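Keep in mind that what you see is a predicted model, and the values were worked out from it rather than measured.
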Amino acid sequence: MSLTPEIRQIEETKVIYVQAIGDYNNVGPSWEKLCSFAARSGLFGPQTKMFGLSHDDPDTTETSKLRYDACIAVDRDIVPEGEVGVKTVGGGEYAVFLHKGPYSDLHRSYNDIFRNWLPSSGREVDDSPPLEVYLNDAEKTKAEDLRTEICIPLK
């Protein structure tokens, strides 16, 4: 991963989401629930954007308390149902890094960003959670070929 980010304005986005609590490597059930709802609701299309919000630092938060939101962008009003909620995310300036490889290696990329890039960047991180924008389909792509934008919110 290159530690030279693209600084980008990201618009607020309305999403449907399902929150997972626990190990970031075990968020599959949340995605299954969310995708099932999205399919039933006719929300999938060629431009569907899927991303995650990792709320907590696994180096400082107990694994059993880590919060992750599986999100799908929507362009119409949706009525929440069961575990599927609706909210607005993003909005503002972000440092965007491209992570290449398996999701299980995202933690390593976050460490590089926060330990190496951030201290020398002259920038401050906002209180919002980072966005992980999934650029290809994990079910149709080899793990080593996955591409994820890690979007760090800036003040």
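Arg115 approaches Pro119 most closely through the heavy-atom pair O-CG, 3.4 Å. Counting all heavy atoms, side chain and backbone alike, Phe37 lies closest to Val79 at CZ-O, 4.0 Å. Shown here for Val96 and Arg8, the closest heavy-atom pair between the two residues is CG1-NH2, 3.6 Å. Cys35 and Ile72 make their closest contact through SG-CD1, 4.4 Å (heavy atoms, listed as atom of the first residue, atom of the second, distance). Closest non-hydrogen pair, Pro58 versus Leu66, comes out as CA-CD2, 3.8 Å. Looking at every heavy atom in both residues, Pro5 comes nearest to Ala95 through CB-CB, 4.0 Å.
Between Asp145 and Lys142, none of the side-chain N atoms (NZ, or NE/NH1/NH2) sits under 4.0 Å from a carboxylate O, so this pair counts as no salt bridge.
No side-chain heavy atom of Glu32 sits less than 4.5 Å from a side-chain heavy atom of Val18. No side-chain heavy atom of Thr48 sits less than 4.5 Å from a side-chain heavy atom of Leu43. For the pair Leu3 and Phe97, the minimum side-chain heavy-atom distance is below 4.5 Å. Between Glu83 and Ser30, every side-chain heavy-atom pair lies at or beyond the 4.5 Å cut-off. Between Val89 and Phe51, some side-chain heavy-atom pair lies under the 4.5 Å cut-off. Using a 4.5 Å heavy-atom threshold, the side chains of Arg67 and Asp69 count as separate. Within the 4.5 Å cutoff, the side chain of Thr13 has no heavy atoms near those of the Leu131 side chain. Counting heavy atoms from C-beta outward, Val84 and Lys33 have side chains that stay 4.5 Å or more apart.
Atom NZ of Lys65 is surrounded by 12 or fewer heavy atoms from other residues, nucleotides or ligands within 6.0 Å. More than 12 heavy atoms of other shown residues, nucleotides or ligands fall within 6.0 angstrom of atom CD in Glu144.
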Apply side chain to side chain donor-acceptor pair (under 3.5 Å) to the pair Tyr68 and Glu132, showing each step before the final yes or no. CA-CA 11 Å; Tyr68 172 88; Glu132 295 170 4; 4.6 Å; no
Worked verdict on Tyr110 versus Asp57 for side-chain contact (heavy atoms from CB on, under 4.5 Å): CA-CA 9 Å; Tyr110 276 102; Asp57 179 350; over 6 Å; no
Let's go through Lys49 and Val133 carefully: what are the C-alpha distance in whole Å and the side-chain angles of both, what is the deciding distance for side-chain contact (heavy atoms from CB on, under 4.5 Å) to 0.1 Å, and is it a yes or a no? CA-CA 8 Å; Lys49 292 182 183 177; Val133 181; 5.8 Å; no
Intermediate values then yes/no, side-chain contact (heavy atoms from CB on, under 4.5 Å), Ile7 and Leu154: CA-CA 9 Å; Ile7 304 300; Leu154 303 172; 4.0 Å; yes
How far apart are the C-alpha atoms of Lys87 and Val15, what are their side-chain angles, what is the distance that settles it, and do they pass the side-chain contact (heavy atoms from CB on, under 4.5 Å) test? CA-CA 6 Å; Lys87 66 181 175 179; Val15 300; 3.9 Å; yes
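Looking only at atom types and distance, the side chain of Gln19 has no donor-acceptor partner in the side chain of Tyr17 under 3.5 Å away.
Thr141 places no side-chain N or O within donor-acceptor distance of the main-chain N or O of Ala138, the cut-off being under 3.5 Å. Counting only distance, with no hydrogens or angles, the side chain of Tyr24 and the backbone of Asp56 share a donor-acceptor pair below 3.5 Å. A donor-acceptor pair is defined here as one N or O able to donate and one able to accept, closer than 3.5 Å; no such pair exists between the side chain of Asp23 and the backbone of Thr63.
Residue His99 holds its NE2 atom at 6.0 Å from CD1 of Ile150, rounded to the nearest 0.5 Å. The structure places OG of Ser109 at 14.0 Å from CH2 of Trp117, a figure rounded to the nearest 0.5 Å. Remark: Leu98 CG to Arg147 CZ distance equals 6.0 Å, nearest 0.5 Å. Between the NZ atom in Lys100 and the CG atom in Asp105 there is a gap of 14.0 Å [rounded to 0.5 Å]. Rounded to the nearest 0.5 Å, atoms CZ (Arg76) and OG (Ser41) are 7.0 Å apart. The CD atom of Glu6 sits 9.0 Å away from atom SG of Cys151, with the distance rounded to the nearest 0.5 Å.
Placement of Ile21 and Leu53 in two distinct hydrophobic clusters is found when ILVMFWY residues are connected by side-chain heavy-atom separations under 4.5 Å, directly or transitively. Phe44 and Trp31 end up in the same hydrophobic cluster when Ile, Leu, Val, Met, Phe, Trp and Tyr side chains are linked at under 4.5 Å.
Considering only residues two or more places apart in sequence or on other chains, Ser36 meets the side chain to side chain donor-acceptor pair (under 3.5 Å) condition with Arg40.
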